[in-house]
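To start, the structure itself, in structure tokens.
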There are 2 protein chains.
Amino acid sequence: MMTRVSLKDIAQEIGVSNATVSLVLNGKEKEGRVSKELAERIRKKAVAMNYHPNAMARALRMGSSNTIGLIVTDSSNQFFAKLAFRIEEYADSLGYSVIVANSNENDAKMERMIQELKNRQVDGFIIIPTENGQGSINNLVNSKVPVVLLDRYFEEINTHHVLIDNFKTSRSATEFLINQGCKRIGLIIYKSELPHMQERRNGFAEALKRNGMYVPAFIKEINYQTIEENIQKAIDDLLTRIDPVDGILFASNSIAIHSLKYLMKRNINIPSDMKVIGFDENDAFDLSREPIPFVQQPIAEMGKLSVDLIIKQIEKEALNPTHIELLADLQNLPN
Amino acid sequence: MMTRVSLKDIAQEIGVSNATVSLVLNGKEKEGRVSKELAERIRKKAVAMNYHPNAMARALRMGSSNTIGLIVTDSSNQFFAKLAFRIEEYADSLGYSVIVANSNENDAKMERMIQELKNRQVDGFIIIPTENGQGSINNLVNSKVPVVLLDRYFEEINTHHVLIDNFKTSRSATEFLINQGCKRIGLIIYKSELPHMQERRNGFAEALKRNGMYVPAFIKEINYQTIEENIQKAIDDLLTRIDPVDGILFASNSIAIHSLKYLMKRNINIPSDMKVIGFDENDAFDLSREPIPFVQQPIAEMGKLSVDLIIKQIEKEALNPTHIELLADLQNLPN
DNA sequence: CTGAAAGCGCTTACAG
DNA sequence: CTGAAAGCGCTTACAG
């Protein structure tokens with residue numbers, strides 16, 4: 001690797017001290033009261049020598065790196081991929097870099113990634129926490145590290161979070177199915193204690209109870225690790241009861257994709273045989289036989305708000321834990 | 001933020017020098033000839049004090065950061081998202097972190113991202129280069145920075161690259177359409193000088209020429225920035241000629257998605273009215289009326305090979321530029 | 001067997 | 001108006 005140009009190189013070329021060069025290049029010539037003319041010479045020289053500051057040296061000295069650590073559960077999932085993309089884009093516009101890490105929905109890996117990003121001196125974390133990641137998040141919050149939870153949160157941890165109103169959203173998605181004429185509506189959802197999942201479940205139940213249509217057996221809980229087989233079993237069950245369901249709410253993007261594949265395999269026609277609605281956008285929803293209705297989370301806004309919240313904390317604005325719950329739209333509804 | 005425990009803190013607690021602690025914690029006690037017993041005490045203390053090395057300080061001192069910079073054109077595209085995921089996963093298993101940046105197919109942004117990652121002292125780059133990014137890549141290669149180009153390359157730059165054999169793959173995708181009975185086959189492809197695109201184009205042309213079916217007017221070139229309208233125009237054109245096409249090859253993931261949406265909007269039935277095949281996997285291909293055939297690039301292998309190549313360079317194994325061209329499979333073919 | 005010292009590339013009080 | 005010095009947290013020759 002070509003040896004890089006350092007501050008010192010410029011200082012030597014011009015014949016001044018490192019300090020003077022540093023001051024000028026950081027726009028602090030006023031404070032250093034460097035003469036305009038000298039400042040100009042230094043700037044010219046820096047450009048001519050193709051100088052670029054060593055971000056690590058600066059971070060080490062300053063104790064902050066202008067970097068945000070983002071931990072998602074699976075960056076290859078379209079929903080999180082888009083979220084990460086927006087976060088990167090917006091943070092970049094504010095002069096912050098983002099390092100993305102994956103937890104794979106694994107608590108131990110999330111913990112490890114937090115540690116690794118800490119070692120890299122990130123200034124704060126935006127995290128989509130894992131099911132039992134409460135302890136790790138709690139440690140972070142207690143040690144005063146800036147944190148924003150995204151998409152999910154924990155009841156007991158009072159920190160900043162940005163997500164949609166899952167209860168209301170799930171309720172209105174369910175009401176959509178009711179309005180479509182469904183009489184027996186199923187839910188396929190992750191078995192999870194995370195409140196955002198509970199709220200999706202509760203919103204679903206609420207809509208059905210209001211309409212006297214609530215049947216607990218129509219709720220199928222599945223595991224992330226064995227998603228494919230669990231979904232097949234769940235759908236088989238929902239279809240082969242004496243009172244088979246005529247509508248299903250899918251509580252996540254991946255659940256929707258796997259379920260739709262299996263419904264297709266079983267030759268269930270959507271929407272004539274079965275009406276459905278899913279969470280989170282996916283190219284696939286626009287391309288199936290009929291467009292699949294889905295809950296569209298405001299991804300760009302969620303990204304922007306979480307970046308704003310993390311930067312406010314980093315820049316030490318006193319900030320009470322802010323809980324942001326946005327509204328989500330239903331898309332691809334039949335006319 | 002809680003003040004972190006440093007090497008020095010451990011040294012003071014135990015009453016030895018920083019050097020001794022550093023040696024032990026890096027497993028170099030043999031070289032330092034530290035007594036077994038002392039080494040053990042130091043290790044215990046480090047754990048007890050919850051010590052974690054400051055990666056930036058180490059990187060500054062060592063001149064390398066154990067970090068790979070990955071520049072993709074769009075991390076929200078499913079193909080690149082999966083590639084990035086695999087790269088991160090495999091690099092992590094080898095003790096390297098990955099910082100992902102997006103160029104948005106924009107040469108200037110790619111250049112800026114390269115500089116930013118350089119400032120962060122990444123040890124090497126895996127890059128999916130932009131159309132006219134040749135200059136930036138060339139500078140990198142000339143300055144002996146470890147580089148691997150992924151998915152694309154430049155004729156004139158003799159550096160490492162990992163991609164599929166686009167000519168052969170495109171040719172066999174086209175042959176698939178021919179075997180399906182198509183007589184007039186169109187291609188929708190990016191207007192691009194990048195050789196991987198040219199090869200997809202040439203492979204397409206070759207298959208048709210061999211079968212006496214080559215019609216230049218059936219090749220539609222579109223721009224990435226105006227993809228949606230260009231595709232609509234291209235498809236309108238292919239459909240409304242006196243000799244409308246009965247098959248189309250989509251030369252990229254995004255092209256396939258947009259095209260399929262528009263074909264659906266125009267009520268073209270696939271595959272009865274029109275047979276198609278696309279590049280790169282997408283959930284949508286499994287969920288359309290009939291599964292959409294597509295070229296499946298060996299994503300995990302491409303990721304792994306590019307990581308191996310970049311690490312070999314970083315670790316200074318003398319290495320002639322390695323050009324890897326993998327074979328890609330066709331998926332979702334009708335039985 | 002172990003310590004003292006230098007240095008990676010910065011920034012920032014301090015002194016003049 | 002500007003320089004000398006200290007220090008961020010490490011690692012590594014060097015000296016003993």
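Bear in mind that the values here come from a model prediction, so they are computed numbers and not experimental data. We name chains A, B, ... by the order of the sequence lines, and we start the count at 1 in each one.
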Whole-Å distance, A:Met56 CE to D:dG9 C1', equals 13 Å
Rounded to the nearest Å, what distance is computed from the CE atom of residue A:Met62 to the P atom of nucleotide C:dG9? 18 Å
May I ask you to verify if any side-chain N or O of B:Thr20 is less than 4.0 angstrom from the OP1 or OP2 atom of C:dG3? yes
Calculate the interatomic distance between B:Leu23 atom CG and C:dG3 atom C1'; express it in whole Å. 11 Å
Candidates C:dG3, D:dG9, C:dG9 - which lies nearest the side chain of B:Asn54: D:dG9
Euclidean distance, atom CG of residue A:Asn119 to atom P of D:dG9 [Å, nearest integer]: 13 Å
Quick check on contacts: within residues 37-50 of chain A, what sits under 4.0 Å from DNA chain D by heavy-atom distance? A:Leu38
Tell me the interatomic distance from A:Gln12, atom CD, to C:dG9, atom C1', rounded to whole angstroms. 13 Å
Between the side chain of A:Asp107 and the main-chain N/O of A:Asn132, is any donor-acceptor distance below 3.5 Å? yes
Given A:Tyr153, which of A:His161, A:His196, A:His323 fulfils the ring-ring contact (aromatic ring centres under 6.0 Å, His included) condition? A:His161
Closer to the 5' end of DNA chain C via nearest nucleotide, is it B:Val16 or A:His52? B:Val16
Spacing between B:Asn66 atom CG and D:dT11 atom C1', to the nearest angstrom: 14 Å
Could you list the residues that satisfy side-chain hydrogen bond (donor to acceptor under 3.5 Å, both in side chains) with B:Ser103, not counting sequence neighbours? none
Grab the CG-C1' distance between A:Leu60 and C:dT11 for me, whole Å please. 11 Å
Within this structure, what is the CG-to-P distance between B:Leu25 and D:dT11, rounded to whole angstrom? 8 Å
Would B:Ser136 and B:Glu111 count as having a side-chain donor-acceptor pair, cut-off 3.5 Å? yes
Are OP1 or OP2 of C:dG9 and a side-chain N or O of A:Arg58 less than 4.0 angstrom apart? no
Tell me the stems DNA chain D sits in, counting at least three consecutive Watson-Crick or G-U wobble pairs, each under 3.5 Å on both distances. C:1-3 with D:14-16, C:5-12 with D:5-12, C:14-16 with D:1-3
B:Ser97 and A:Glu116: side chain donor to acceptor below 3.5 Å: yes
Set out, line by line, the N/O atom pairs under 3.5 Å between protein and nucleotides 4-7 of chain C.
unit_1: C:dG7; atom_1: N2; unit_2: B:Arg61; atom_2: NH1; d: 3.2

Distance below 4.0 Å between A:Lys28 side-chain N/O and C:dT12 OP1 or OP2: yes
Apply side-chain contact (heavy atoms from CB on, under 4.5 Å) to A:Arg43 and list each qualifying residue two or more places apart in sequence or on a separate chain. A:Val24, A:Leu25, A:Glu29, A:Ala39, A:Glu40
Enter the distance from A:Gln78:CD to B:Ser76:OG here, rounded to the nearest 0.5 Å. 8.0 Å
Taking the side chain of A:Ser35 as its heavy atoms from C-beta onward, which of C:dT11, D:dC1, D:dC10 lies nearest to it? D:dC1
Of the options D:dG3, C:dT12, D:dC10, whose atoms approach the side-chain atoms of A:Ser22 most closely? C:dT12
For B:Ser64, all residues meeting side-chain hydrogen bond (donor to acceptor under 3.5 Å, both in side chains), sequence neighbours excluded: none
